[in-house]
Engineer: 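One structure, pasted below without further comment.
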Amino acid sequence: MLSDDDWWRDAVVYQVYPRSFADASGDGVGDLAGVRGRLGYLRDLGVDAVWLSPFYTSPMADGGYDVADYRDVDPVFGTLADFDALVADAHALGIRVIVDLVPNHSSDQHPWFRAGLRDRYIFRDEPNDWESIFGGPAWTQAEDGQWYLHLFAPEQPDLNWDNPEVRAEFRDILRFWLDRGVDGFRVDVAHGMVKAAGLPDVGPKEGRQAELLGDERLPYFDQDGVHDIYREWRPILDSYPGGRMAVAEAWVSSPERLARYVGPDELHQAFSFDFMMADFHAKSFRAVIEKALAEAELVGAPTTWVLSNHDKPRHVTRHGSLARARAATLLMLALPGSAYLYNGEELGLPEVLDLPDELRQDPAFLRTGESRDGCRVPIPWTSEAGFGWRDPWLPIPGSWGPLSAEAQQDDPGSTLNLYRAALRVRKEHPALGGGTLTWLDSPKDVLAIERHPGLVVVLNTGDEPVRLDAAGRVLLSSGPVPGDGTIPPDTTVWLER
Ligand code: NOJ
């Protein structure tokens, strides 16, 4: 509970994308009062914490990841008073609050950029060959002919972390939110702030540079100097009571490199994106789980699992079916460590693939044709037309009535009730949460692990039902099981020995 400094080690954290979660003001865009109004839903779901994607003052060139004032709430989301009320109510329900911190870049509407404080950004007379993650060159020319660096949209100039004023500012921003009672930070582009000295060219590559992320080190990501920043931040977090933490969003080339971000003098967690990117196959899952656990153990950190977020197609669609998504979720929630859920996955929402182009808002869409809007469609709360929204900023598919929270609320077989049951068992069963796992022998398309004491988790990714010797009483299953000791395809079961 709230006094435990290590709460984050096995926490289930629920990501709220504020624009899409719940709208109290009725303007079609979600807001903080909307989140506050749904805290009861989150308590009933059984999550330990919420992570709020950015709600700060922003022109919304990148859905709020372009921050113009790091210490205020954008009017579309409410006020600082709304934020304080949300934190107070969440804490009263035993739910912690993590906020997003965006230190790699600000908005071009940030007062520093508007005032022309060029030493706080990265200006050069000539651009190099770096490309924006959102497509096109990473440099835009200012009126006087100089170029500024933006690893994302042109409206998101990269900050210059060689400048001590930038460092001091972010230490102060951390304290601002810690003083307001936040329990932690999700650090955006945690691998980006420090660039290789001299800004060397990447050189000729096949395809877009962004496609190399995860395979190769680029001169603008995962530079060793970035760790000095976290070593500056950690004592600040540690100076507050109650276990304040930070989780890194770091896309790096290997689990070894990822593990460097966590530990007693840096950040507490780093998302294991390899798990999110794995194919739905026992072998792929096992490979990434083994590697992530081994690396995390070396630095004494828990592993941080995730299947969906606001940047990737929802896992129902990625893995090809709701049955597979539910099976992957039960696997994730049985692994040692902490797990992050993305709003709407508990309803089994699929990616929306047919949004009209003119409604898409992702800045990457215009440049690459790829868009993250399909996982950002607002949450259907009620089953009737409108789904609890008036004129939502992205249209909710008319077919989503049966997926709404209202429709699933009392249906024992619903995905919502599967998530609730899984989180309840996870909390109550001594084998789940932290700890270790043992791999059990299993057929080729089956993944079987034992959690101690007395829990066996089996995932069947093959085409045929399987029967296991390790069978026991079924505590929970991601889909129907016949009761004859066999496990159907695309199904995970939690068995008690
Ligand atoms: C990662 C965030 O998750 C994503 O939504 C954003 O576009 C980029 N960082 C840039 O801030």
Side-chain angles (χ1 to χ4, degrees), residues 13 15-21 30 51-68 70 74 98-110 113 121-122 130-136 138 140 149-159 161 170 173 185-193 195 208-210 213-214 218 220-222 226 246-252 258 261 267 269-273 276-277 304 306-314 340-344 351 360-368 370-377 393-394:
V13 182
Q15 179 189 359
V16 165
Y17 191 67
R19 289 199 290 173
S20 306
F21 187 63
W51 146 33
L52 300 166
S53 277
F55 50 79
Y56 313 111
T57 314
S58 166
M60 299 287 161
D62 183 20
Y65 283 93
D66 48 321
V67 180
Y70 287 89
D74 194 277
I98 295 172
V99 297
D100 221 302
L101 186 73
V102 190
N104 180 68
H105 44 266
S106 74
S107 161
D108 63 351
Q109 298 306 305
H110 188 285
F113 197 80
Y121 294 91
I122 302 179
W130 295 1
E131 293 170 4
S132 156
I133 305 303
F134 293 160
T140 289
L149 177 70
H150 52 84
L151 292 180
F152 295 88
E155 296 88 349
Q156 294 167 294
D158 276 50
L159 287 157
W161 279 81
F170 275 87
I173 292 165
F185 299 91
R186 176 266 189 187
V187 183
D188 187 64
V189 199
H191 53 311
M193 288 101 93
K195 279 75 182 175
R208 289 177 44 221
Q209 288 173 8
L213 282 179
L218 295 163
Y220 43 84
F221 281 147
D222 196 27
V226 84
V247 53
E249 184 228 15
W251 291 88
V252 296
L258 189 66
Y261 288 76
L267 303 177
Q269 302 180 318
F271 294 118
S272 170
F273 289 132
M276 177 164 78
M277 305 309 281
T304 305
V306 55
L307 279 165
S308 279
N309 66 24
H310 64 296
D311 289 332
K312 294 287 172 206
R314 285 185 176 277
Y340 281 66
L341 309 177
Y342 175 53
N343 56 197
E351 184 79 359
R360 292 186 185 267
Q361 295 198 12
D362 183 352
F365 180 61
L366 287 180
R367 298 172 179 86
T368 62
E370 282 169 27
S371 138
R372 299 165 294 174
D373 296 297
C375 61
R376 299 175 178 179
V377 168
W393 68 280
L394 284 175

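In listed order, ligands and their atoms are each counted from 1. Residue indices begin at 1 and follow the sequence shown.
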Engineer: Of all the atoms in ligand 1, which lie at a distance below 4.0 Å from a heavy atom belonging to Glu249?
Structural biologist: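 Taking each heavy atom of Glu249 in turn, ligand 1 has 1 (C), 3 (O) under 4.0 Å.
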Engineer: I'd like to know whether the aromatic ring centres of Phe271 and Trp51 sit less than 6.0 Å apart in this structure.
Structural biologist: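 Ring-ring flag for Phe271/Trp51: true, centres closer than 6.0 Å.
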Engineer: With sequence neighbours excluded, what pairs up with Phe55 under the ring pair (Phe, Tyr, Trp, His ring centres under 6.0 Å) test?
Structural biologist: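 Listed in chain order: Phe83, Trp177.
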Engineer: Show which atoms of ligand 1 fall inside a sub-4.0 Å distance from at least one heavy-atom site of Val189.
Structural biologist: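 Here the atoms of ligand 1 in question are 9 (N).
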Engineer: Side chains of Asn104 and Asp158: is there a donor and an acceptor less than 3.5 Å apart?
Structural biologist: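 Side chains of Asn104 and Asp158: pair found under 3.5 Å.
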Engineer: Could you pull out all residues at least two apart from Tyr65 that satisfy ring pair (Phe, Tyr, Trp, His ring centres under 6.0 Å)?
Structural biologist: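 Tyr65: ring pair (Phe, Tyr, Trp, His ring centres under 6.0 Å) contacts with His310.
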Engineer: Does at least one non-hydrogen atom of Arg376 fall below 4.0 angstrom from an atom of ligand 1?
Structural biologist: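 It does, in that a heavy atom of Arg376 comes within the 4.0 Å cut-off of ligand 1.
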Engineer: Mark up the atoms of ligand 1 that fall under 4.0 Å of a heavy atom belonging to Arg372, in ascending order.
Structural biologist: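 Every atom of ligand 1 under 4.0 Å from some heavy atom of Arg372: 4 (C), 5 (O), 6 (C), 7 (O).
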Engineer: So for Arg186, does at least one of its heavy atoms come nearer than 4.0 angstrom to any atom of ligand 1?
Structural biologist: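 Checking ligand 1 against Arg186, which is what was asked, there is a heavy-atom contact under 4.0 Å.
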Engineer: Within the structure provided, determine whether Ser107 and Ser58 are in side-chain contact (heavy-atom separation under 4.5 Å).
Structural biologist: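 A side-chain contact is absent here, since even the closest heavy-atom pair is not under 4.5 Å.
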Engineer: Is Glu249 salt-bridged to Arg186, cutoff N-O under 4.0 Å?
Structural biologist: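 Salt bridge between Glu249 and Arg186, a charged N being under 4.0 Å from a carboxylate O: yes.
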Engineer: Specify the protein heavy atom at minimum distance from atom 5 (O) of ligand 1: its residue, its atom name, and the distance to 0.1 Å.
Structural biologist: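 Here the nearest protein heavy atom works out to Asp311 OD1, 2.7 Å.
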Engineer: Around atom 7 (O) of ligand 1, find the nearest protein heavy atom and jot down its residue, atom name and distance.
Structural biologist: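 Result for atom 7 (O) of ligand 1: Asp62 OD2, 2.6 Å.
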Engineer: Name the closest protein heavy atom to atom 8 (C) of ligand 1, giving the residue it belongs to and the distance to 0.1 Å.
Structural biologist: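 Here the nearest protein heavy atom works out to Phe152 CE2, 3.8 Å.
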Engineer: In ligand 1, which numbered atoms sit nearer than 4.0 Å to a non-hydrogen atom of His105?
Structural biologist: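 Here the atoms of ligand 1 in question are 10 (C), 11 (O).
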Engineer: Identify the protein heavy atom lying closest to atom 1 (C) of ligand 1, giving its residue, its atom name and the separation to 0.1 Å.
Structural biologist: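 So the nearest neighbour among protein heavy atoms is Asp188 OD1, 2.8 Å.
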Engineer: Would you please test Asn343 and Gln15 for side chain to side chain donor-acceptor pair (under 3.5 Å) and show each step?
Structural biologist: CA-CA 6 Å; Asn343 56 197; Gln15 179 189 359; over 6 Å; no
Engineer: Would you please classify the geometry between the Phe113 ring and the Tyr121 ring as parallel, tilted or perpendicular, with 30° and 60° separating the classes?
Structural biologist: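 Perpendicular, since the angle between the ring planes exceeds 60°.
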Engineer: Heavy-atom contacts under 4.0 Å between Phe134 and ligand 1: side chain, backbone, both, or neither?
Structural biologist: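 The answer is the side chain.
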